**Student:** 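Following this message is one structure expressed as structure tokens.
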Amino acid sequence: MRVSLRGRALRGDFVHAPVRGDIEVLRDHVIRVGEDGMIASVRPVADGVPEGTVQMPAGHLVLPGFVDLHIHAPQYPQLGLALDEPLEVWLGKYTFPLESKYADLDFAREAYGTLVRDLLAGGTTTALYFATVHREATQLLAEICLEQGQRGLVGKVVMDNHETSPDYYRDETAADAVADTRAVIDHIRALPGNDRVLPVVTPRFIPSCTDEALAGLGALARECGCHVQTHCSESDWAHGYALERYGHTDTAALDGFGLLTRKTVLAHSVFLTDPDMAMVREAGAGVAHCALSNMYFANAVFPLRRALEKDVHVGLGTDISGGPSSSMFEACRTTVQASRLLETGVDPNVPRETRGHSGATIDMKTAFHLATVGGGKALELPVGIFRPGFHFDAIVVD
Ligand code: GUN
Ligand code: FE
């Protein structure tokens with residue numbers, strides 16, 4: 001069930017993680033919400049309870065809604081399926097055929113409607129979505145987010161490289177790709193009553209795009225001031241592809257095309273070098289850590305602790321359907337679990353002293369912080385904390 005508390009107040013126990021590594025419990029507090037949906041005040045009950053305040057039942061906790069910082073909306077129908085191939089095979093064998101079906105708007109409406117409803121029920125109140133190459137179906141996803149009340153950031157996927165994208169599923173030219181992206185941005189920004197859905201410039205990843213498209217999208221992102229999302233250095237293959245094409249990394253190439261900005265989110269980024277991390281930090285860009293998906297496609301564990309120590313913005317993503325769970329609770333758990341494998345190492349034939357990487361462990365409090373506040377920071381959106389000036393995007397756990 002979804003309720004709006006605009007112009008009202010809520011009394012109960014609130015739990016959030018404004019500081020990384022810590023959980024703050026606001027027992028028996030009152031949060032007043034403005035007509036604009038923003039938090040107006042957070043006070044203990046002793047300071048007074050306004051008339052008409054909604055009272056949470058005992059034993060219920062109010063948490064900030066989750067931010068899923070990387071999710072492929074069209075891949076929901078194959079959630080939990082088709083994970084028997086490496087990334088570069090999986091795309092052509094399963095994923096492009098599925099995504100191509102979204103040319104059919106009836107199919108798209110049904111699939112996207114189900115996805116957004118399920119995500120909200122699971123606690124994802126903000127999602128940074130890859131849609132498909134189709135202009136109309138991408139616009140439909142934005143409209144469904146708005147209708148259902150989800151803070152959606154939605155991107156038309158660009159893939160115009162004929163060498164890596166099939167005839168039946170691609171942008172015909174770089175100019176088409178940029179023009180369609182611009183049309184989607186304009187459409188989303190003009191949606192009546194749109195106070196929460198944002199457009200995103202979305203080159204799928206470097207192998208899918210020509211230099212002309214990447215340069216055009218970089219210029220468009222600057223002109224429109226939009227968010228940007230892409231996959232970066234996800235696997236040995238993807239990382240190696242950019243090195244071969246450019247003689248430098250994905251991160252450096254994206255930066256060269258103007259695609260590394262304060263509002264850029266790089267999915268995975270498992271193979272970032274130290275100079276790459278410094279570039280990401282310098283740009284103020286963020287990383288969407290997708291621990292579960294990385295177990296299938298990445299060939300390695302993202303050094304999350306290293307990224308945090310370097311002050312890189314990091315949030316968590318499900319990466320549906322590379323990650324076979326739509327739950328951000330699960331994303332928190334797998335973040336913790338993967339970090340422990342990185343810490344200890346995995347090969348019993350290697351002596352304990354050299355098996356792992358000490359200092360890699362992430363605890364659940366940190367994972368919860370990243371899944372809420374971390375995602376909000378990466379997107380430069382005031383969500384994830386119960387504090388005046390933040391959106392009151394919240395879930396109730398019974
Ligand atoms: N790289 C390019 N496209 C994709 C995708 O759909 N999923 C994942 N995990 N990686 C990608
Ligand atoms: Fe992905």
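Numbering starts at 1 and runs along the sequence shown. Order of appearance sets the numbers: ligands from 1, and atoms from 1 within every ligand. Worth saying up front: this structure is predicted, and the values here are computed from it rather than measured.
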**Student:** Nearest protein heavy-atom contact for atom 3 (N) of ligand 1: which residue, which atom, what distance?
**Tutor:**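 For this ligand atom, the closest protein heavy atom is R204 NE, 2.8 Å.
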**Student:** Does E110 CD have over 12 foreign heavy atoms under 6.0 Å away?
**Tutor:** no
**Student:** At a 4.0 Å threshold, what atoms of ligand 1 neighbour a non-hydrogen atom of H268?
**Tutor:**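 Near H268, meaning under 4.0 Å from one of its heavy atoms, ligand 1 has 9 (N).
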**Student:** Going by heavy atoms in the side chains, are W237 and P207 under 4.5 Å from each other?
**Tutor:** yes
**Student:** Inspect the contact between D186 and R189 and indicate whether a charged nitrogen and a carboxylate oxygen are less than 4.0 angstrom apart.
**Tutor:** no
**Student:** Determine whether the side chain, the backbone, both or neither of F297 has a heavy atom under 4.0 Å from any heavy atom of ligand 1.
**Tutor:**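 F297 to ligand 1: side-chain contact only, backbone stays beyond 4.0 Å.
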**Student:** May I ask you to check if any N/O/S atom from C290 comes under 2.8 Å of the Fe ion (ligand 2)?
**Tutor:**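 Within the cut-off used here (under 2.8 Å), C290 places no N, O or S atom near the Fe ion (ligand 2).
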**Student:** Out of curiosity, is W90 lining ligand 1, as in a heavy atom under 4.0 Å away?
**Tutor:** yes
**Student:** Show me which atoms of ligand 1 lie under 4.0 Å from any heavy atom of L91.
**Tutor:** 3 (N), 4 (C), 5 (C), 6 (O)
**Student:** Which one of T273, L259, L272 satisfies the side chain to side chain contact (heavy atoms under 4.5 Å, CB included) criterion with T251?
**Tutor:**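 Only match with T251 under side chain to side chain contact (heavy atoms under 4.5 Å, CB included): L272.
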**Student:** Does R11 come within less than 4.0 Å of D28, counting only side-chain N to carboxylate O?
**Tutor:**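 Yes.
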**Student:** Tell me whether the count of non-hydrogen atoms from other residues, nucleotides or ligands lying under 6.0 Å of NZ in K263 goes above 12.
**Tutor:**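 Yes.
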**Student:** Under 2.8 Å from the Fe ion (ligand 2), can any N, O or S atom of E234 be found?
**Tutor:**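 Checking the Fe ion (ligand 2) against E234, no N, O or S atom falls under 2.8 Å.
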**Student:** Name the closest protein heavy atom to atom 9 (N) of ligand 1, giving the residue it belongs to and the distance to 0.1 Å.
**Tutor:** D319 OD2, 2.7 Å
**Student:** Which of the numbered atoms in ligand 1 are under 4.0 angstrom from any heavy atom belonging to L87?
**Tutor:**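 That gives atoms 1 (N), 8 (C), 10 (N), 11 (C) of ligand 1.
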**Student:** Measuring to the Fe ion (ligand 2), does H72 have an N/O/S atom at a distance below 2.8 Å?
**Tutor:**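 H72 does place an N, O or S atom closer than 2.8 Å to the Fe ion (ligand 2).
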**Student:** Are H268 and F297 close enough, and set up right, to give a ring pair (Phe, Tyr, Trp, His ring centres under 6.0 Å), and what steps lead you there?
**Tutor:** CA-CA 10 Å; H268 308 286; F297 290 153; 8.1 Å; no
**Student:** Could you tell me the angle subtended at the Fe ion (ligand 2) by NE2 of H231 and OD1 of D319, rounded to 10°?
**Tutor:**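 Vertex the Fe ion (ligand 2), arms to NE2 of H231 and OD1 of D319: 180°.
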**Student:** Using a distance-only test with no angle check, is there a side-chain donor-acceptor pair under 3.5 angstrom linking D160 and T210?
**Tutor:**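 Side chains of D160 and T210: pair found under 3.5 Å.
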**Student:** Give the intermediate values and the outcome of salt bridge (Lys or Arg N to Asp or Glu O under 4.0 Å) for residues K101 and D104.
**Tutor:** CA-CA 6 Å; K101 292 189 188 176; D104 175 349; over 6 Å; no
**Student:** Any nitrogen or oxygen of E99 lying under 3.5 Å from a nitrogen or oxygen in ligand 1? Just yes or no.
**Tutor:**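 In fact, backbone or side chain, E99 has no N or O that close.
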**Student:** Return yes or no for this condition: an N or O of E234 is under 3.5 Å from an N or O of ligand 1.
**Tutor:**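 Indeed, backbone or side chain, E234 has an N or O that close.
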